[in-house]
Amino acid sequence: MIPFMFGEEIYEYFKQIKQIFDPNGIFNPGKIVDAPRMNTFLRIDHTKPKREFQTYFNFDNDGGFSNSIEKCNGSGDCRKPQILGGTMCPSYKATLDEKHTTRARANALREIISKSNKGNPFVDEDLMEVFSLCLSCKACKSECPSNVDVTKLKAEFLQHYYDDAGVPFNVWMIGNLNIFNRIGSFAPKFYNFIVKNKVTSSVLKYLLKFEQKRQLPELKEISLKKWDRKHQAARTNRQIYLFADEFTNYFDSDIGVKAILLLEKLGYGVKIAPVGESGRTFFSKGLLKRAKKIAEMNVRNLADLINENTPLLGLEPSAILTFRDEYKEIVSGDLHDSAKNIARHTFLLDEFLANEFEKGQINSNSFTEQSLNIMLHTHCHQKALAGSDALMKVLSIPENYQVEEIKSGCCGMAGSFGFEKDKYDVSMKIGELALFPAVRNAPEDTIIVANGTSCRHQIAEGTSRKALHFVEVLYDAMK
Ligand code: SF4
Ligand code: SF4
């Protein structure tokens, strides 16, 4: 290339100068002078056919699974340190180790599946090691210039790994959290005794491979769905469906109740969507066979209900955004159009309220005139798929509320990630990058808002301060 750009004569001078100053060719060998041909070290060997796999997710938009890995162009944006902001990539920001970048994960997958001769190349402990600290935060899906989606790649890899290596007991238990919570909800006091008692909780944490320092979340006395069955729903023609996700339903039903009462006061009729869990725990742990069944069941149940007049709204970002993100990429072909239609009409509650406020359906006069300072931490999945503008807007509906967004990336908890014994230190380190110091330095009378149940848990354990869901703040602000 250099002789072509500068001409043979000048290139000869380059060679002579190089020979004078670096006769043994020890400085940047092979660069500028005596460089190999441009097609010498291509990472794709076009003489070999690409290896494709039967995948659980649909990768058609990327031209197949292999191409979705090839999207990484090596730019290294995923090596940004915390000081440059953004969320990608929290595991790199905490460890400053290339092995824990988005790029390393894409590269490792490519290397293994293109070079391995095994029938199932995914059963590979090195690959497991490279993916181990990925928090499935989805930041790369939006911040990587090529939109490499490692959350999706990791889940796909894990399911193939488990297909041959089996599902570890602790992973199975975490995936099935909703079933344990449902059983526990028949005797919440007993459940809470088990998770709080020193002996029983330590046995539970041992089985789950959780860090002993972590506090397990407790169930509320009554689940959101149970409360709603006794609640006299308001009659109105402005109807919405609220998703009582697996976390809000059992751990944060008080927030769900406030959401229903808030919506009713604002003139909306609320029905609980006739679905169970979102499947988030299965997606996060790579148990995609089960996640696919849940996604298909939910899409079938909602196909005729959700449309532009009756949208689906949710409170917990990681759960509701599954309807918008993963479902349309995992349901089988006959449900694809329905999944896409549901995705189009699925919103975080803050997105819905911000939109209604814009349209003039909600007025600041319904809220207090008192002043309040709020610091907001936005959930990673919300940052990646929806952004924080709507959340900032709804929190500013009471006219004297001042909202400041914390320039935090991921909180470090990411579902069960931060609970796991071998991830605990990294989890807390990620929290310390920006979120914990900002919360600790916030004045006592400043309210901390975080919509993710994991984020609130992490803030409580990392800073001893209680964070609220935005619904709690807005509910309290109603006149
Ligand atoms: S993963 Fe994305 S940000 Fe990282 S090197 Fe590849 S293209 Fe660049
Ligand atoms: S999902 Fe998050 S932790 Fe995993 S590679 Fe992407 S940015 Fe990094």
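FYI, the numbering just counts along the sequence from 1. Numbering of ligands and ligand atoms starts at 1, following listing order.
For the pair K71 and D62, the salt-bridge criterion is met [side-chain N within less than 4.0 Å of a carboxylate O]. Taking the charged nitrogens against the carboxylate oxygens, K209 and D422 have no contact shorter than 4.0 Å, which rules out a salt bridge.
Inspection of the Y401 and N373 side chains reveals no N or O donor paired with an N or O acceptor under 3.5 Å.
When only non-hydrogen protein atoms are considered, atom 5 (S) of ligand 1 lies nearest to G76 N, 3.0 Å. The shortest contact between atom 2 (Fe) of ligand 1 and any protein heavy atom is with C144 SG, 2.3 Å. Closest protein heavy atom to atom 3 (S) of ligand 2: L135 N, 3.3 Å. Remark: minimum distance from atom 4 (Fe) of ligand 1 to any protein heavy atom is reached at C78 SG, 2.3 Å. The nearest heavy-atom contact from the protein to atom 8 (Fe) of ligand 1 is S75 OG, 2.4 Å. Protein heavy atom closest to atom 6 (Fe) of ligand 1, with residue, atom name and distance, is C72 SG, 2.4 Å.
Here is the list of ligand 2 atoms found below 4.0 Å of a heavy atom in C89: 3 (S), 5 (S), 7 (S), 8 (Fe). Those atoms of ligand 1 with a heavy atom of G74 less than 4.0 angstrom away are 5 (S), 6 (Fe). Distances below 4.0 Å separate heavy atoms of P145 from the following atoms of ligand 1: 3 (S). Which parts of ligand 2 touch T151 is read off a 4.0 Å heavy-atom cut-off, strictly below it: atoms 1 (S). The N73 neighbourhood of ligand 1 comprises atoms 6 (Fe), 7 (S), 8 (Fe), with distances under 4.0 Å to a heavy atom of that residue. For ligand 1, the atoms lying closer than 4.0 Å to a non-hydrogen atom of S146 are 7 (S). Interface atoms of ligand 2 facing K138, defined by a heavy-atom separation under 4.0 Å, are 1 (S). Taking a cut-off of under 4.0 Å to the non-hydrogen atoms of T102, the atoms of ligand 1 that pass are 1 (S).
For the side chain to side chain contact (heavy atoms under 4.5 Å, CB included) with V403, the qualifying choice from L395, V473, L391 is L395, the only one to do so. Considering I179, N181, I174 as possible partners of L177, the one that fulfils the side chain to side chain contact (heavy atoms under 4.5 Å, CB included) test is N181.
Between E98 and A104, the shortest heavy-atom distance links the atoms O-CB, 3.1 Å. For L242 against G256, the heavy-atom pair with the smallest separation is CD2-O, 4.4 Å.
Judged by a 6.0 Å distance limit and a 45° cone about the ring axis, K152 is positioned over the six-membered ring of F57.
At distances below 3.5 Å, not a single donor-acceptor pair connects side-chain atoms of N58 with backbone N or O atoms of I330. Side-chain N or O atoms of R324 include one that pairs as donor or acceptor with a backbone N or O of T346 at under 3.5 Å.
Residue C140: no N/O/S atom is found under 2.8 Å from atom 2 (Fe) of ligand 1.
Here R105 has side-chain heavy atoms under 4.0 Å from ligand 2, and that is the only part of it that gets that close.
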